[in-house]
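Keep in mind the model is a prediction, meaning the values are calculated, not measured. Count residues from 1 along the sequence.
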Amino acid sequence: MSGVGSIEKALRTAPPDRLVEVLDAHLSASHGTKSSTVWLADYRSTSLSPSGVEPDGTDDLLASATRAFASQTVVVDAREGQSLARLHLPITAWGERVGVLSVVLDADRAQQAREGLRELAGTFAVALQAVYRRTDRYHMDRRRNGRLTMAAEMQWDLLPARGYDQPGVKLAGQLEPAYAVGGDHFDWSINGDWLTVTALNGMGTGLDAALLTTLAVNAMRNARRSIPTGLSAPGDLADQAVLAADAIYSQYGGTRHVATLLLSLNLATGDLRIIDAGSPRMLLVRGGQVRDMVLDPQLPLGMFGDTRYVEEQERLQPGDRVFIVSDGVHSATRPNEAAYGERELSRAIRSTRLQPPAEAISSVMRSLRDYHAGAELADDALIVCLDWSP
């Protein structure tokens, strides 16, 4: 059996909470590694924590692992005259950055083993995603920097993934404050030629807002997944919005609502269908320039019964980038300062033109935290970045 095939079988048959140990044993037996460390990204995607035993020489090891995570490239630590080398390999599944695999092996084998180990890290990423909901271990590894509130627990568990990457399209999103987020949320799905993305801002704060957003997200997913009944079809947004609005109104009678932006992108043509039902904003980056996409505002989901929604249409050009930001970003304010969205937001977005979406949203979030002078965000903040380059 090939190296990749043998590790696939070993991971597939391992207990969900023992993947790291099974991987370490395989690396030692099949690749001659002396040791290995799996680092997992925290909820902010700004720091890495080891899964299992804390490794020796943690500071230097962590610094190199962090470079591999940020650059999504293999980082090799090998000094002339030393017999051992360290390789740091991104653990990434379908574009979602999960963490980093660090291995120690003989220096004369490092370059030869590099590509095989990178492929193995990708195989491990897929296995890790598959078992993520079957054990608490990896959830606990990711939150060593703090405890999640109940509302944040619900929101993170509701997410499909924080990133996606395939030829022609890249997507990434982030919620803040990561350990206490309430009503902000994003969702996405690939169906045929269509990528559907929603950004939501549930009314209120904390657990109440999270419950409201959870209802809205699941109602829209139900509409997307009801294609066999003829209820909806890939790329069609109106039915999704109507079903979610009716579900929210039925539950709350108009006392609560969800500000929502829905869009579907045809990955082959760049055709974009949009429903603006609330406060999330879209910004288009084209040719180095940032501009607001001016849309026809419609009622937030659940404000009134029997609300109908109308799609707008745009067309992206190859190389376009779209940012979606919630009001916790574009409307953020400080005493005696212009709102963040009036000046700083466009400046921060322009500075990300050479960064992939995952790094771009991290840069904008850093800019937002700098605007708040390092204080915890007063409102939920959501950023989604989408690149289309067919």
Side-chain angles (χ1 to χ4, degrees), residues 92-98 125-126 129-130 132-133 154-175 183-202 210 213-248 258-278 280 282 301 309 311-314 316 320-324 326 357-358 361 382-390:
T92 302
W94 293 290
E96 182 177 21
R97 302 179 177 194
V98 179
V126 173
Q129 298 291 70
Y132 192 65
R133 297 183 186 276
M154 293 174 61
Q155 296 298 71
W156 285 109
D157 266 0
L158 192 62
L159 284 179
R162 286 192 288 176
Y164 181 69
D165 189 347
Q166 73 170 53
V169 64
K170 294 182 180 179
L171 170 74
Q174 177 65 12
L175 305 176
D184 280 14
H185 195 269
F186 66 92
D187 193 28
W188 62 267
S189 178
I190 292 283
N191 291 293
D193 286 336
W194 292 94
L195 168 65
T196 301
V197 181
T198 55
L200 306 95
N201 182 0
T213 298
T214 298
L215 175 61
V217 169
N218 281 293
M220 284 186 282
R221 287 178 178 174
N222 181 252
R224 285 203 316 263
R225 296 165 183 173
S226 299
I227 295 172
T229 68
L231 176 64
S232 186
D236 291 339
L237 300 177
D239 286 336
Q240 296 177 39
V242 168
L243 184 63
D246 288 349
I248 296 166
V258 181
T260 309
L261 183 71
L262 303 90
L263 66 88
S264 279
L265 170 65
N266 188 301
L267 301 178
T269 65
D271 289 333
L272 196 61
R273 300 175 179 177
I274 313 165
I275 292 177
D276 177 4
M282 287 182 64
L301 305 183
Y309 293 90
E311 296 179 2
E312 299 181 64
Q313 296 189 9
E314 297 281 348
L316 295 184
D320 278 353
R321 166 170 283 183
V322 173
F323 273 91
I324 302 171
S326 67
I361 59 174
L382 159 71
I383 302 177
V384 176
C385 180
L386 168 67
D387 286 354
W388 185 66
S389 301

Any side-chain heavy-atom pair of T92 and D165 under 4.5 Å = no
ask   = Is the closest side-chain heavy-atom distance between L158 and N218 below 4.5 Å?
value = yes
task = Please round to the nearest 0.5 Å and tell me the distance separating atom NE2 of H185 and atom CG of L200.
result = 7.5 Å
task = Evaluate the side-chain proximity of M220 to L237: yes if any heavy-atom separation is below 4.5 Å, no if none is.
result = no
ask   = Between S326 and N201, does any side-chain donor sit less than 3.5 Å from a side-chain acceptor?
value = no
ask   = Got a donor-acceptor contact below 3.5 angstrom from the N191 side chain to the D193 backbone?
value = no
ask   = Looking only at atom types and distance, does a side-chain atom of R162 sit under 3.5 Å from a main-chain N or O of A358, one as donor and one as acceptor?
value = no
query = Are F186 and V197 close enough that some pair of their side-chain heavy atoms sits under 4.5 Å apart?
reply = no
inquiry  = Quick one, P357 and R321 - any side-chain contact, counting heavy atoms below 4.5 Å?
reply    = yes
task = Answer with yes or no whether the side chains of Q240 and R224 bring together a donor and an acceptor at under 3.5 Å.
result = no
task = Report the residues that fulfil ring-ring contact (aromatic ring centres under 6.0 Å, His included) with W388, sequence neighbours left out, ordered by chain and then residue number.
result = none
inquiry  = Checking the side chain of W188 only, and the main-chain atoms of A161 only, is there a donor and an acceptor separated by less than 3.5 Å?
reply    = yes
request  = Not counting sequence neighbours, which residues clear side-chain contact (heavy atoms from CB on, under 4.5 Å) with A241? List them please.
outcome  = L262, I275, L301, Y309
Shortest non-hydrogen contact from A247 toward A219 = CB-CB, 4.1 Å
query = CG of N222 to CG of D239: how many Å apart, nearest 0.5 Å?
reply = 11.5 Å
request  = Look up atom CD in E314 and atom CG in L265, then write down how far apart they are to the nearest 0.5 Å.
outcome  = 12.0 Å
inquiry  = To the closest 0.5 Å, what do you measure between CD1 (I383) and CG (D184)?
reply    = 10.5 Å
request  = May I have the step-by-step check of side-chain contact (heavy atoms from CB on, under 4.5 Å) for L386 and L195, ending in yes or no?
outcome  = CA-CA 10 Å; L386 168 67; L195 168 65; 3.7 Å; yes
With D271 via salt bridge (charged side-chain N to carboxylate O under 4.0 Å, His left out) - residues at least two apart = R315
key: Point-to-point distance, once rounded to the nearest 0.5 Å, from CE of M282 to CG of L261   = 6.0 Å
inquiry  = Side chains of L272 and E312, heavy atoms from C-beta outward: is any pair under 4.5 Å?
reply    = no
query = Do W194 and N266 come close enough that some side-chain heavy atom pair is under 4.5 Å?
reply = yes
ask   = Got D187 and P160 here, is their nearest side-chain heavy-atom distance under 4.5 Å?
value = yes
query = Can you check whether D236's main-chain N or O pairs, donor with acceptor, with S264's side chain at less than 3.5 Å?
reply = no
task = Working to the nearest 0.5 Å, report the span between SG of C385 and CD of Q174.
result = 13.0 Å
